[in-house]
Amino acid sequence: MSSYRTTLTSNKLFAYGLRLGMLMVFFFFSILSFGQSLHLKGKVMDVTNKEPIGYATVAAVGSTTAASTDDDGNFILKVNPNFSKIRISFVGYESQDVSISSETYQELTIYLVPEEHTIETVAVTAPRRAKYSNKNNPAVELIRKVIAHKDENRIASYEYAEYRQYEKVSLGLSNLSEKFKNRKVFKNYQFLFEKEDVETGSSTRGYTLPAFIEERLSQVYTRKKPNTTKQLILAEQRAQFDPKFVDNDGLSAYFNKLYQDIDIYESNIELVTNQFLSPIAGSSPTFYRFYITDTIKTETPYLVELSFFPRNKADLLFQGKLYITLDGKYAVKRADLSVSDDINLNFVRDLDVKLDFEQDSNNRYYLRTSSLGLDFSLTDKGTGIKGNRTVTFDDFKTGIAQPDSIYAGPSVVKVVQESDTTSDETYWATHRPIALKPNEQNIYRNIDTLQLIPSFQRFMDISALILSGYKQAGPIEIGPVNTFYSFNPVEGFRLRLGGRTTDRLSKRFYAEAYTAYGFKDEKWKYFLSGTYALNNKSVYTFPQHYLRASIMRDTKIPGQNLDFVQEDNFLLSFKRGENERYLYNDIYRVEYKREFESNFSYVIGLSKWRQQPAGILTYQMLDDYGNNTVFNELNTTELSVGLRYAPHEEFYQGKLYRTPIFNKYPIFYLNYVAGLKDVLGGEYNYHNFTLGADKRFYFSQLGYADVNVEGNYILGDHIPFPFLNIHRANQTYAYQLRSYNLMNFLEFVSDHSVSANIQYYMNGFLLNKIPLIKKLKWREVFSVKAIYGGLRDENNPAYTNNVFDFQKNEDQEPITYGFDNKPYVEASVGLTNIFKFIRVDYVKRLNYLDQPDVPKHGIRVRVKFDF
């Protein structure tokens, strides 16, 4: 079983809430950036015939400020710098949103696209608009030439290339009002605020609060055969928050996942965890409309301005302009990309990409600068989070063959050490190719100052408690709060109190413990573990390297190995059907774990496990004379080895577990568990092998699919069912990704099986085509889960008396089975993105419907934050 499996619980909600909540916390406090009124001058024209459009409306998005074009399509507009987009609209044309920069004076040329089915009246004197077609379209012919030449124009075509790369990511709270600034909570933080410079006579008082910045300087090497990229990080610095509240490395990884490198020559461009079809992908003419809108003869070689728009504005597609060279190479010299407001992209209010290319010594083009701007917000107006990632490429060289040792090892290596002087401003002032803005320079100082303010510390402490479930108490943290109270049929009401130490007590040794009491069974439960880090890092920090010992006495449902979730989680207390078959477990375990920078890891463990039936669970065996022997306990000693390989994996580290940041690479895992008879009281010999893989498949604007395949085989004879593979069922009302949501506890067991789990997210590709539904921005999701296995006769109580009988209900009907000659299959269709974070599935069980007390269908709910 993969060590990164998760289920829908409040723990998962906490992890996502922590990530989103901490973003808001960081941007809640910082400084104000100055602004001036923006003076816009431009012209609006028909994209098909270049005729000016008179009396079109030009307005700042989210504002009442607007202007109209004159008879020649010209306009002049002054807007407040809080606004980053203007909208141009006219009857019979599709509205066009255009991103504007922070420059005080800007000249724009905007082309409007005629609506496909506009009814033209006799009053129209402009040339008749023809329906768009790819056939005999010079713009489409041009883009096909760009597509045909893209392999020779991309950096991957160089045998060898190297360059110096500088990256800067900055984010801050935007569109703040005077009322927001004067709230009581900011009484002690007024030194962080300054009024924005606005147009005389305007009543608008806007604020921007920069709150995060990260810089990185790298040397990058690429080669074609074998295709390899090696990045050596020479220096980096960022605004650091108190690590007891925030995983700074995880936060950095998450921001860098949102603000990824953009390769216009890739068929699919990944942004904000989604994939967009590139305008120069092979299939782009099928999904985009292209127009030649200008020829630029002031540059050498001449350029053609090629405008493009999505055929369906709700699809995950770009709109913008490409500037193509007319030198026979058909390379991209510049690219401006944005997205339509109708796109089904959560929390993203605006997206703006600018790419500039430069000729090298061989007259080929390489990326010189890249800028990605994102404006996040819960609503279309009001306060949001605005960020930008700028990448500059210098000292570009080709044809220099580096030794193989340069490319060996991980693709990204940090050369910088904590003791280096690369964190000094003197170093950055001489090595930074682009000077920081004044407000960006102050972020480092202001974040450090905030850490010293007691009220800010208290605020972060309370936020961590609410969002992560842990309360700081000096060198320990108490929690998680979602396990303090729960209930089940065996224990009744259950109270639990626990906690763990932090690196404030020791950087090498960590302890974790809890105690719980059930008021129905009147029994105490407990857990205690001690972990020693062997690499002088936190045991929760990548790469992990530790030795751990633990003891536990607690309850458990057979077969429910919730890797990151305790059974006493409050939200898991609500279950359907009969669920009174429990175990009392006494487990003693020692394990050693080692992770490597290559994302390969292994775990070796030794466990002694005593289990006692609880509730109505029974362990009994029928002897040769027809007599039942009841067993009060079962003992085993297990040696386990787990291997896992997750290339290029990144994650956000929470308090309880890691939240993976998905990518296109597969994850492989192999687990082996051996039962050792006559070792530390072990009663059985067996060998349990599990091999599996996880993979996310991206389908551009058609969404993506998460696929898991797994095989299991158990060697051994006369193995009682508690040591067989009890397939993971779910009797809660939450949709669980890794469980069978309509399978009952203890329903299926096997000693060999194969399974497949497919979750297909279409990202609203179908629903976006329905006029009324698309306003809700719901998204489709489909799933299929299937498992097929078998049970050898020597492990099946129907054929031998040397193993435990399967479970029966109160009517003495069997409720535990092996598989017949068909797999168990369940499928679901659902809606995600309800209120932007709720998923609801209708799940249907497709076979084994005649077994007692099994549901044929049901509604399940899951919380899922996603872009």
Side-chain angles (χ1 to χ4, degrees), residues 40 42-53 56 58 69 73 75 85-90 92-101 106-116 118 126-127 129-147 150 262 264 269 276-281 283-299 302-313 315-326 330-343 350-357:
L40 308 179
K43 189 167 187 174
V44 180
M45 293 187 292
D46 186 314
V47 72
T48 60
N49 53 34
K50 311 303 184 293
E51 291 288 331
I53 300 176
V58 183
T69 60
F75 70 89
K85 296 171 71 174
I86 59 173
R87 178 170 296 159
I88 302 90
S89 56
F90 188 65
Y93 290 83
E94 296 181 2
S95 295
Q96 177 73 274
D97 286 357
V98 177
S99 297
I100 55 178
S101 68
Q106 302 175 52
E107 292 191 11
L108 306 170
T109 301
I110 297 103
Y111 296 93
L112 294 187
V113 179
E115 293 180 349
E116 285 291 331
T118 301
R129 296 189 292 268
K131 184 176 180 180
Y132 182 87
S133 174
N134 284 348
K135 187 176 182 180
N136 299 323
N137 186 332
V140 175
E141 293 175 4
L142 177 60
I143 198 64
R144 293 195 189 280
K145 291 181 179 179
V146 175
I147 294 170
K150 70 177 185 177
I262 299 170
I264 192 67
I269 299 173
F276 294 75
L277 186 72
S278 170
I280 57 175
S283 60
S284 63
T286 303
F287 298 95
Y288 286 101
R289 287 179 286 173
F290 293 93
Y291 303 91
I292 296 176
T293 50
D294 199 1
T295 301
I296 300 173
K297 298 184 177 181
T298 57
E299 298 188 31
Y302 292 167
L303 304 176
V304 172
E305 182 184 86
L306 189 64
S307 297
F308 57 91
F309 305 88
R311 292 176 181 259
N312 187 303
K313 294 189 292 183
D315 287 343
L316 289 177
L317 299 168
F318 293 110
Q319 62 185 27
K321 298 177 181 179
L322 298 174
Y323 295 85
I324 310 301
T325 63
L326 292 180
Y330 299 99
V332 177
K333 179 67 167 60
R334 291 197 301 275
D336 297 331
L337 313 176
S338 62
V339 294
S340 168
D341 277 350
D342 294 328
I343 199 169
D350 189 23
L351 185 154
D352 182 59
V353 177
K354 295 184 183 300
L355 306 174
D356 283 286
F357 295 79

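Worth saying up front: this structure is predicted, and the values here are computed from it rather than measured. This chain uses plain numbering: 1 for the first residue, then up along the sequence.
Partner Tyr323 forms a side chain to side chain donor-acceptor pair (under 3.5 Å) with one of Arg334, Glu305, Lys333, Glu299 and no other, that one being Glu305. Screening Ile88, Asp46, Thr48 for a side-chain contact (heavy atoms from CB on, under 4.5 Å) involving Leu112 leaves a single residue, Ile88.
Partners of Phe75 under the ring pair (Phe, Tyr, Trp, His ring centres under 6.0 Å) rule, at least two apart in sequence or in another chain, do not exist in this structure. A search for side-chain hydrogen bond (donor to acceptor under 3.5 Å, both in side chains) contacts involving Arg87 returns Asp97, Asp341, not counting sequence neighbours. Residues satisfying the side chain to side chain contact (heavy atoms under 4.5 Å, CB included) test with Ala331, not counting sequence neighbours, are Asn153, Tyr265, Thr325, Tyr365. Every residue meeting the side chain to side chain contact (heavy atoms under 4.5 Å, CB included) condition with Lys135, not counting sequence neighbours, appears here in chain and number order: Ser133. Asp350 pairs by the salt bridge (Lys or Arg N to Asp or Glu O under 4.0 Å) definition with Lys85, not counting sequence neighbours. Among residues two or more places apart in sequence or in another chain, the side chain to side chain contact (heavy atoms under 4.5 Å, CB included) test is passed with Glu141 by none.
A distance of 10.0 Å separates CG in Leu337 from CD in Gln319, rounded to the nearest 0.5 Å.
Residues Lys150 and Tyr330 form no side-chain contact, since every pair of their non-hydrogen atoms from C-beta on lies 4.5 Å or further apart. Between Tyr288 and Ile143 the shortest side-chain heavy-atom distance does not fall below 4.5 Å. At least one side-chain heavy atom of Val113 sits less than 4.5 Å from a side-chain heavy atom of Tyr291. Residues Pro279 and Leu306 fail the side-chain proximity criterion, which asks for heavy atoms closer than 4.5 Å. The closest side-chain heavy-atom distance from Phe308 to Leu317 is not below 4.5 Å.
Between the side chain of Thr69 and the main chain of Ile53, a donor-acceptor pair closer than 3.5 Å is present. In this structure, Ser278 contributes its side chain and Ile264 its backbone to a donor-acceptor pair below 3.5 Å.
One side chain, Thr293 or Ser307, offers a donor N or O that lies under 3.5 Å from an acceptor on the other.
Counted within 6.0 Å of NZ on Lys145, heavy atoms from surrounding residues, nucleotides or ligands total 12 or fewer; the atom is thus considered open.
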